[in-house]
Each structure stands twice: as C-alpha cells, then as structure tokens.
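Each chain gets a letter, A, B and so on, in the order the sequences are listed, and its residues count up from 1.
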Amino acid sequence: MQVTLPDGKKLETPSGSTVLDAVKQIGPGLANAALAAKVNGVPVDLSHIVSEDVTLEVLTFRQAEGREVFWHSSTHLMAQATQELFPEIQLTIGPPIEEGFYYDFEKAEPFTTEDLEKIESRMAELVKANLSVARREVSRDEAIALFEELNEPYKLEMIEELGPEETISLYEQGDFVDLCRGPHLSATGKIKSFKLLSVAGAYWRGDEKNKMLQRIYGVSYPDRKQLKEYLGRIEEAEKRDHRKLGKQLGLFMFHPFAPASPFFFPKGATVYNILVDYVRDQYKKYGYDEVITPLIYEAGLWKISGHYDHFWEEMFTIEADEREYAPKPMNCPSHCVMFDAGHHSYRDLPVRYADFARLHRYERSGVTAGLMRVRSFCQDDAHIFCRPDQIQDEISGFMDMLSRTYTMLGFTDVHICMSTRPEQRAGTDEIWDRAEETLANALDALEIEYKVMPGEGAFYGPKVDVFVNDALRRPWQLGTCQLDFNLPEQFELEYIKEDGTSARPAMIHRAMLGSLERFLGVYIEHCAGAFPIWLAPVQVVVIGITDQQTEYISQIVARLDQAGIRVEADTRNEKIGYKIREAEVQKVPYMLVVGAREEEASQVAVRQRGSGDQGTTELDDFIRQVEDEVSEVLSPASA
RNA sequence: GCCACGAUAGCUCAGCUGGUAGAGCAAUUCAUUCGUAAUGAAUAGGUCGUCGGUUCGAGUCCGACUCGUGGCUCCA
C-alpha cells in the first residue's frame, strides 16, 4: 500500500501494518517522538491499522494537535490515578486545554492539597508501569452495559447524546476504562513530566443549575525541561500582573468600602486622562461629538430600554421620593433620549454621540477581578444613529480607527468574535435576522476574520467583540461594535426622509478601548508597567548628584514643564545609584543626571530606561527628542 | 451566586503542635555631598480583616461575616 507524506514523499508499506510501522520507515527519531497521527486528515492512534492507500501526517508535541493528544492522555492518567485512590468518585469529562488539561469528577468532599500530592505520586507509578493504552470500539448496548456496571451515570448521559452514526470507542489502560473518541498515546510511559496545579469547583456542563463537580487542573510534558520552562513562564507572567504593578507604580488601589471599584492615584489618573485625550483626538478626526449625561435615571427609562426586564438584577438600585432609580450601566438609553429630543433630517445623519460617563454594574461577587472586571468604570463609548444605507460605512470607519489604534498600541495578538442573538432578548426575530446579516456583511466587506459565538450577543442586538490577552494569556474583551435595531424601536426614534415621511434610524453602539479600567489592566500587563513615553505618568526624572545642583535642576524642571513634559525632580540626599535604581524600578522612560560637570557645561546627562547612560546633550536637544518620540507614536508618518 | 484558598507594620513576608508579635524594604531623625540599579546609624510603627465561640490563656483552634485570589462547557 502507498502512504503519502505531507512533503509529497510516498512510502510502500505491507498491508495490515500500523501507523507506527509506517512512521518507523521514515526514521527512528520520529517514531520515538510520534504521539499520534492524522490519516487522511483524521486523527488516529499509532496502533491504527492502515488498510488502503492513505495520506499520513505524524503528530508530535510540536504540533498543537499532538499536544492535545498528549494532554488528553495525561488527563486519562490523572483520572485513573484518582479513581484508584478514590473509588467512590464518578467520571465526567476531561479534555485537553490550551496549556494542559483538567478532569471533572463527582465527589462529595472537595480534593485537598494533600490529595493532589497523592494523586501525583500514583500517576508517577502508573507512568513507570508504562501501561499500554488500547482502543476498543463497541456497540451502544455494550457501552451502556459497561458503564451501568461501572456506575458511571455521566458517561451514560454522554452515550445517550451521541448520534446513531457515531462510533463509540473506549480507551483502556490497566484496569481503567473511559469513554473517549481519542486518539491517545500508546502507553502511559510517554508522560514523563507533569504537575497538578489546582482544584476548583465546576458545574456539570458549566451550568450553575447543575451539580457542582470537583475539577483538577494539570500540565504535562514529554520532558522535565519543558515543565520547568512552563513554570518559569507562569512566574514571569505573575510579575506582569497589573494588580501587583498598579501597587508598585502607585497607579490605583481598591478599598472594601467600594468593592471592585478602583481608586486612581494621581499617576494612574494621569495615564487614564492621556488615554481619554487620545480618544478625543480620534473623535475629532472621525467626526464624533461628545455629550455629557446624567448618571442616575428613574425606572421608567429602564422599562423602555428593556434593562428593567433583562438587566435589573445586575444594576445598583436606589429608592428616592418613593420612586425607583438606578445609576446607568450603559450610555445607550441616555443617548436615545437626547436623539429623540429634536427633529432630525436625513441630511443630519449620522449623529455620533460620544460619552465618557461613569457606569455602574452590580457584578456578582466572585466574578470581579482587579481592573479587568469592576463595578465602576467608564468606556470610550459612543452611539451612532444613522440611516440603514450608512451602516456599513459607519462600521468600517470605526474598525479603521480601532485597527490603527491597536497597531499604535502594539497589540498584535487580537482576535475578533461575532456574537449572535441570546435566549434572553428584546425584539422580533425579523429585526435580529436583519441586524445579524448586516453586521456579518460589513465584516466580510472589510475582510476581517472572525469567529461566530452563537447566543452571546447583547439583549438588544448582535455584536462584534475585539479580544486581547492578558499576561496569563486569558482573553479579555476590549473593543466592541454592536448593531441595534431594537432600541430605536423602543424609543420610537425617527428621522425625516427626503420624501418627507419619517423613518427609523439604526443605532450602532461602539467602544474602541472598551472599559478604560479593563484596557489599562490589559495594557499594563502588555507593557509590563513600562509605559511608552507618550503614556508614562512621569516621562522624565531629573536626578542631582549633590545638593549643589538643586538650583540648576529647578531651572531644568521649569523648562521641561514649559515644554509640556511630565517631569519630576529627585534632589534627595541620596546616592546617585539609589536614585537611579528607584527611577528604573518606577519605569520612568528618561533620567537626566545632573552634577557639577553638566551644570558647568549647561548640559544634561541622559539615561534611558533599560538601556543605561546615553551621554550628555543640550537640554533643548533632549526636549526635541522627547517631543519627536511622542509625535512619532501618536501620528505615525504612514497614517 | 457556587467551590477551593488566603488576609500579620505603608510594602514583601516569617511566626512548629495555643503561652501575650518578628525581619527586610519604605517612613522619620542624624551623619555622609557621593557620577549611572540599594551609604551608615538611630527612632518610630501592629485591637494579627471584623464579630462571636472554645480555653486559665487565641495571630494560632471552631463558626459567621467582609474583602481578595484561582476556577465555574477550550465538551466523550
């Protein structure tokens, strides 16, 4: 038989030989590294028998699919060890994840740290025993009988959900048997290095109405070195934690009197305001108009907008004058009220209302996280009211602003999702059909790649969300663009058409950075607290060598200040090394070191963050250099 | 909200099986006037998250609460 490899090379193999036999023909090194393979594009075990001419792709730990197999087998190994130690538990699911694996067990008592250690050592024994892993295909009745006998109700539930056309396969290693599609490693001995990381409660099928299961997370690698590398990566990522850096750099704090609501210190507020200034600048270019709106509204508004029916549980509420009020969780109703206050000709559209109002959402305790998910925040929010024929231009205008900005910020790992109608929603299916189709068309026209997330849309409309990862590679939604035909309907918004009749405008909710709080959290982790010069709360610190330079330093500070550079002086009675260290730790982009020599020559010695002494220069030249660096980022020549 | 874990000086943390709290850094004062990532000494600083219980005695054990951290469909 003929086996075709990805590079087009062809092998001749005797009939009845396995995938592994074929891989051995390619080379012993590859045969050793092989974890599984793809035959005609379908992932299979190495023991899979080849009975016709096929294409073959070997999967090792280098391929994502190879790692999946490795981690999937690792979680089986963990399940086997766990079941041996705790025979009373029941198996549910155990998939590989982006980095590692987990398994959910039903168990009355949660696992303890000691339990994890026991499971780890049992796993090590099973690795040493090098049990071979065997696939067995069975009939539905056989599978049901087996898992009934084993008392595995979750497995029975899963078998019942499998379609009649699907092959039911079991994987066995020693006394352990699990329902699994596979493929798997050929033996437990390949899992050389692993670590169980944490235990967590997790609901069956992720639904909190279901029973809570006990989840164990772990990682594993073919060798010890890669595990060490992984643990090192996690440690590095923890150093970038925005909560840690926020404290170290004096940017923000939290207090139990305002749970999950950040307080920004002057340095944090400086960064925050520079971001707002940047967005305002973009608004000038892209034709937005800023408005200022109330924070607290009577319940009547929320009844019209639909928040009362769909969102009330997640809002803070206030009783006053024997009436119900709530601080706003979103700006859209405010803007609808403003749009509705006057007549609009088709000529006036689009109307683009931008608003930096503070928003409040009652996020359930347990879901808040640093700056990433807070109860008090503001967005670079705006609502566009436009004619149906303007929708596509408006969306592409926004996406243009967004992609330029993200490029400027250095976000490279960005992914985009389109979320469609949720179960709980306002508006008719007709309206939703139209909104989803228009949004998809706009994205397709821009040739933007995106993933569809069914059921994840806002209650008033479908949305496109832009995600960026934090230091631990967890994705967070920043930008968003939501098309909405519902709120204009609810608020009965109108504009006058050319022919004098009235029509309903479409509404686009959009935010580029999203919540500024969350954006800052992600961005701090992105730059590890070392803000680029345009955003640094302190751009320059002037450091004196002795107190003889204090007078000269105050002249320097005055000139930098005049040039609009954010500057601080450090004239404390400390050694130069100490003051430099502090400025480096605070991640100030530039230090100007000034001693008797510089004062004599009316110069400054420039030190750059991270790269050390840059030599002496005239102050005016330095000021020009900083100004150039800032404008280079904010208005790149290519734009 | 649910599961697990945590909370000790401004910060980072130590404090074994219950016997009345400790370090480094920061702060303050003094000395030092120094050339590119930590000068030295002295001083001051804590209702051990809050409330309650067990005990002769609680930072330590138990319970409740508050706040925080990780997790709660990347589907056999």
Trainee: Got a salt bridge between A:R233 and A:E99, using NZ or NE/NH1/NH2 to carboxylate O under 4.0 Å?
Mentor: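 Between A:E99 and A:R233 there is a salt bridge, with a charged N closer than 4.0 Å to a carboxylate O.
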Trainee: Report yes if a side-chain nitrogen or oxygen of A:R474 is closer than 4.0 Å to either non-bridging phosphate oxygen (OP1 or OP2) of B:rC74; otherwise report no.
Mentor: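 The answer is no; no side-chain N or O of A:R474 sits under 4.0 Å from OP1 or OP2.
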Trainee: Hey, does the side chain of A:Y217 come within less than 4.0 Å of B:rC72's phosphate (OP1/OP2), counting only N and O?
Mentor: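 Indeed, a polar side-chain atom of A:Y217 lies that close.
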Trainee: Considering every strand shown, what is the Watson-Crick or G-U wobble mate of B:rU36 when both distances are under 3.5 Å?
Mentor: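 The answer is none; no pair meets the criterion.
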Trainee: Does anything in residues 147-161 of chain A reach RNA chain B, meaning a heavy atom under 4.0 Å, and if so which residues?
Mentor: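 Output list: A:K155, A:M158.
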Trainee: Does NZ or CZ of A:R425 fall inside the cone over A:F459's six-membered ring, less than 6.0 Å from its centre and within 45° of the axis?
Mentor: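 Judged by the rule, A:R425 and A:F459 form no cation-pi pair.
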Trainee: So what does A:T167 touch, heavy atoms closer than 4.0 Å: a base, only the sugar-phosphate, or nothing?
Mentor: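 Base contact.
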Trainee: Do A:Y203 and B:rC2 have a side chain to base donor-acceptor pair shorter than 3.5 Å?
Mentor: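 Under the 3.5 Å cut-off, the side chain and the base do form a donor-acceptor pair.
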Trainee: Which nucleotide sits closest to the side chain of A:R581: B:rA37, B:rU33, B:rC67?
Mentor: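 Nearest listed nucleotide: B:rA37.
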Trainee: Please name the nucleotide paired to B:rC72 by Watson-Crick or G-U wobble geometry with both distances under 3.5 Å, or report none.
Mentor: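 Base partner found: B:rG1.
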Trainee: Can a side chain N or O of A:K575 be found less than 4.0 Å away from OP1 or OP2 on B:rU36?
Mentor: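 For B:rU36, OP1/OP2 do not have a side-chain N/O of A:K575 under 4.0 Å.
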Trainee: Of A:R364 and A:Q548, whose closest RNA chain B nucleotide lies nearer the 5' terminus?
Mentor: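 Nearest-nucleotide comparison on RNA chain B picks A:R364.
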Trainee: Side-chain N or O of A:R215 less than 4.0 angstrom from OP1 or OP2 on B:rG70?
Mentor: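 So the side-chain polar atoms of A:R215 never come under 4.0 Å of the phosphate oxygens OP1 or OP2 of B:rG70.
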Trainee: Which nucleotide, B:rC74, B:rU36, B:rA27, lies nearest any side-chain atom of A:D613?
Mentor: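 Closest nucleotide to the A:D613 side chain: B:rU36.
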Trainee: Contact class for A:L162 (heavy atom, under 4.0 Å): base, sugar-phosphate, or nothing?
Mentor: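 If one applies the 4.0 Å heavy-atom cut-off, A:L162 turns out to touch a base.
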Trainee: Considering every strand and a 4.0 Å limit on heavy-atom distances, what is the contact class for A:T368: base, sugar-phosphate, or nothing?
Mentor: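 It contacts sugar-phosphate atoms only.
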Trainee: Give one of base, sugar-phosphate or nothing for A:G366, where a contact means two heavy atoms less than 4.0 Å apart.
Mentor: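 Counting heavy atoms under 4.0 Å across all strands, the contact made by A:G366 includes a base.
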Trainee: Could you work out which one of B:rA27, B:rU36, B:rU33 sits closest to the side chain of A:T546?
Mentor: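 Selected nucleotide: B:rU33.
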Trainee: Please determine, for B:rG46, whether a Watson-Crick or G-U wobble partner exists with both distances under 3.5 Å, and give it or none.
Mentor: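 Across all strands, not a single nucleotide pairs with B:rG46.
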Trainee: Using a 4.0 Å heavy-atom cut-off, does A:I93 contact any base of the nucleic acid, only the sugar-phosphate backbone, or nothing at all?
Mentor: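 Sugar-phosphate, no base atom in range.
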Trainee: Looking at the side chain of A:D547, which of B:rC75, B:rU33, B:rU12 is the nearest nucleotide?
Mentor: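 Closest nucleotide among those given: B:rU33.
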Trainee: Need one value for A:G370: base, sugar-phosphate or nothing, where a base atom within 4.0 Å counts as base even if backbone is also close, heavy atoms only.
Mentor: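 Here A:G370 touches the backbone only, sparing every base.
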Trainee: If only side-chain N and O atoms of A:R205 are considered, is one of them under 4.0 Å from the OP1 or OP2 phosphate oxygen of B:rC75?
Mentor: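 No, outside the criterion.
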Trainee: Between A:E584 and A:Y362, which is nearer to the 5' end of RNA chain B once each is assigned its nearest nucleotide?
Mentor: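 The 5'-side residue here is A:Y362.
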Trainee: Touch check for A:A260, heavy atoms < 4.0 angstrom, all strands: base, sugar-phosphate only, or nothing?
Mentor: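 A:A260: backbone/sugar contact only, no base atoms under 4.0 Å.
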Trainee: Does a side-chain N or O of A:R597 approach OP1 or OP2 of B:rU36 to a distance below 4.0 Å, or not?
Mentor: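 A:R597 to B:rU36 OP1/OP2: no side-chain N or O under 4.0 Å.
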Trainee: Other residues, nucleotides and ligands only: do more than 12 of their heavy atoms fall within 6.0 Å of CD on A:E423?
Mentor: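 No, CD of A:E423 has 12 or fewer neighbouring heavy atoms, counting only those of other groups under 6.0 Å.
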Trainee: Show, in sequence, the C-alpha distance, side-chain angles and deciding distance for A:F61 and A:W71, and conclude whether the ring-ring contact (aromatic ring centres under 6.0 Å, His included) test is met.
Mentor: CA-CA 10 Å; A:F61 203 75; A:W71 287 325; 5.8 Å; yes
Trainee: B:rU12 pairs with which nucleotide, Watson-Crick or G-U wobble, both distances below 3.5 Å?
Mentor: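 Result: B:rA23.
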Trainee: Counting just side-chain N and O atoms, does A:Y578 come under 4.0 Å of either OP1 or OP2 of B:rA26?
Mentor: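 Yes, A:Y578 has a side-chain N/O under 4.0 Å of OP1/OP2 on B:rA26.
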Trainee: Could you please spell out the steps behind the ring-ring contact (aromatic ring centres under 6.0 Å, His included) verdict for A:F252 and A:F263?
Mentor: CA-CA 5 Å; A:F252 57 86; A:F263 295 67; over 10 Å; no
Trainee: Once you apply a heavy-atom cut-off of 4.0 Å, does A:I580 come out as touching a base, just sugar-phosphate, or nothing?
Mentor: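 The residue A:I580 makes base contact.
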Trainee: Please determine, by modelled atom types, if A:Y154 and A:E106 share a side-chain donor-acceptor pair under 3.5 angstrom.
Mentor: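 There is such a pair (donor and acceptor under 3.5 Å, judged by atom type) between the side chains of A:Y154 and A:E106.
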Trainee: Could you tell me if A:K107 sits above the aromatic ring of A:F86, with its cationic atom closer than 6.0 Å to the ring centre and no more than 45 degrees from the axis?
Mentor: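 Cation-pi check for A:K107 and A:F86: passes.
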Trainee: State whether A:R205 and A:E161 are salt-bridged, where the test is any N-O pair (Lys NZ or Arg NE/NH1/NH2 against Asp/Glu carboxylate O) under 4.0 Å.
Mentor: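 Salt bridge: yes.
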Trainee: Hey, are A:Q549 and A:T546 close enough side-chain-wise for a donor-acceptor pair under 3.5 Å?
Mentor: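 Result is yes, a qualifying pair exists.
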Trainee: Looking at the base of B:rG35, is there any donor atom on it, or on the side chain of A:E598, that sits under 3.5 Å from an acceptor on the other one?
Mentor: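 Between B:rG35 and A:E598, which were checked side chain against base, a qualifying N/O pair under 3.5 Å is present.
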Trainee: Could you tell me which nucleotide pairs with B:rA7 by Watson-Crick or G-U wobble geometry, both distances under 3.5 Å, or answer none if nothing does?
Mentor: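 Base-paired to B:rU66.
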